[in-house]
A.B. asks: 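Have a look at this one before I ask anything.
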Amino acid sequence: MHQIPTDLLKKSAYWREDIQFSQDVLGKPFHFTSTWGIFSPEKLDEGSLMLLDYIEFKDDDHSIDLGCGYGVLGMTAARECPNGQHLLIDKDFVAVEYAKLNCQKNHLDNAQVQLSNGFRDVEKDKKFSLVMSNLPAKASKEQHYLYLLDAYNAMESGARFYVVTINGLRDFMKRSFTEVFGNSDKIKQGKTYTITMAVKD
């Protein structure tokens with residue numbers, strides 16, 4: 001009978017433990033708990049950090065973090081916009097569990113985390129002045145369009161929608177933002193990622 005190597009069993013026990021790390025975001029520390037199976041579990045990903053450097057936060061913004069993972073975009077908005085309410089959503093129940101934990105751990109009382117596939121389960125009367133997303137490259141174009149269309153309906157007049165994508169999606173983002181919002185602004189293009197923004201008139 002086959003025996004699984006002992007060292008592999010030992011490693012698997014370690015892999016099942018929560019991952020803990022601290023990292024500065026916009027010059028101030030956050031403490032994170034994550035796990036294998038959610039995006040970038042051991043450190044914050046470069047795309048999200050790049051996006052946060054270019055978002056113009058306002059004290060009273062009401063934000064939504066679309067596809068929040070374990071929470072960094074929504075958590076940062078909650079800290080930088082203390083007079084607003086901030087919703088973090090993800091379709092992955094594991095990501096939602098850890099985003100809730102991280103909001104609690106960092107004492108972000110103005111943040112709420114919810115399981116939702118895009119905007120499907122977001123209350124229809126909620127309105128946002130800021131939408132943020134690290135859009136997954138592997139999502140279909142149909143899914144991206146649904147995110148944009150639903151975000152448009154949930155945004156106040158003058159609200160901003162910031163996304164970070166891999167550079168290969170920048171032309172698609174420009175086209176789709178222009179179709180849905182009537183405008184598109186490339187904020188920054190780096191070696192790997194592009195930040196694009198649209199405003200609801």
A.B. asks: Please list all pairs meeting salt bridge (charged side-chain N to carboxylate O under 4.0 Å, His left out) that have one or both residues in residues 107-126, counting only residues at least two apart or in different chains.
C.D. replies: none
A.B. asks: Can you name the closest pair of heavy atoms from H86 and C81 and give their distance?
C.D. replies: NE2-O, 2.9 Å
A.B. asks: Do V113 and Y70 come within less than 4.5 Å of each other through their side chains, counting heavy atoms only?
C.D. replies: no
A.B. asks: Which heavy-atom pair separates L52 from V72 by the least distance, and what is that distance?
C.D. replies: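 So the minimum-distance heavy-atom pair works out to CD1-CG2, 4.0 Å.
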A.B. asks: Quick one: are L130 and Y162 in side-chain contact, heavy atoms under 4.5 Å?
C.D. replies: yes
A.B. asks: Determine which pairs satisfy salt bridge (charged side-chain N to carboxylate O under 4.0 Å, His left out) with at least one residue from residues 149-177, sequence neighbours left out, and list them in order.
C.D. replies: D61-R160
A.B. asks: Grab the two heavy atoms, one from S40 and one from L44, that are nearest each other, plus how far apart they are.
C.D. replies: OG-C, 3.9 Å
A.B. asks: What residues, two or more places apart in sequence or in another chain, satisfy ring-ring contact (aromatic ring centres under 6.0 Å, His included) together with H62?
C.D. replies: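 H62 satisfies ring-ring contact (aromatic ring centres under 6.0 Å, His included) with no other residue.
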A.B. asks: For the residue pair K58 / S129, report whether a side-chain donor-acceptor contact shorter than 3.5 Å exists.
C.D. replies: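 No, no side-chain donor-acceptor pair sits under 3.5 Å.
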A.B. asks: If I compare all heavy atoms of D90 with all of G67, which pair ends up nearest, and what's the gap?
C.D. replies: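 Reported closest heavy-atom pair: OD2-C, 3.3 Å.
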A.B. asks: On the 0 to 90° scale, with breaks at 30° and 60°, tag the Y147-H144 ring pair as parallel, tilted or perpendicular.
C.D. replies: tilted
A.B. asks: Please check if the distance between the ring centroids of Y152 and F161 is under 6.0 Å.
C.D. replies: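 Here the rings of F161 and Y152 have centres that are no less than 6.0 Å from each other.
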A.B. asks: State whether the side chain of N167 and the backbone N or O of T194 hold a donor-acceptor pair below 3.5 Å, judged by distance alone.
C.D. replies: yes
A.B. asks: Is the shortest side-chain heavy-atom distance between L169 and L135 below 4.5 Å?
C.D. replies: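 Counting from C-beta outward, L169 and L135 never come under 4.5 Å.
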A.B. asks: With S140, which residues qualify under side-chain contact (heavy atoms from CB on, under 4.5 Å), at least two apart?
C.D. replies: E142, Q143
A.B. asks: Side-chain contact test, heavy atoms from C-beta onward, threshold under 4.5 Å: evaluate it for R79 versus N106 and give yes or no.
C.D. replies: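 They are not in side-chain contact.
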A.B. asks: Between D18 and Y98, is any side-chain donor less than 3.5 angstrom from a side-chain acceptor?
C.D. replies: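 There is such a pair (donor and acceptor under 3.5 Å, judged by atom type) between the side chains of D18 and Y98.
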A.B. asks: For Y54, which residues count as a side-chain hydrogen bond (donor to acceptor under 3.5 Å, both in side chains) partner, sequence neighbours excluded?
C.D. replies: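 Testing Y54 for side-chain hydrogen bond (donor to acceptor under 3.5 Å, both in side chains), a comparison that skips the adjacent residues, returns none.
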A.B. asks: Return the NZ to OG1 distance between K28 and T76, rounded to the nearest 0.5 Å.
C.D. replies: 9.5 Å
A.B. asks: Under the ring-ring contact (aromatic ring centres under 6.0 Å, His included) test, which residues partner F39, sequence neighbours left out?
C.D. replies: none
A.B. asks: To the nearest 0.5 Å, how far apart are CD1 in I64 and CD in Q114?
C.D. replies: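 Answer for the CD1-CD pair, I64 versus Q114, is 8.0 Å.
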A.B. asks: Do F21 and S34 have side chains that approach each other closer than 4.5 Å (heavy atoms only, starting at C-beta)?
C.D. replies: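 The answer is yes; the side chains approach within 4.5 Å.
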A.B. asks: Between A151 and V131, which heavy-atom pair has the shortest distance, and what is it?
C.D. replies: CB-CG1, 4.5 Å
A.B. asks: Grab the two heavy atoms, one from S176 and one from Y145, that are nearest each other, plus how far apart they are.
C.D. replies: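 The answer is CB-CE2, 3.6 Å.
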A.B. asks: Could you tell me whether the side chain of K127 and the main chain of N153 form a donor-acceptor pair under 3.5 Å?
C.D. replies: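 Yes, K127 side chain to N153 backbone: donor-acceptor pair under 3.5 Å.
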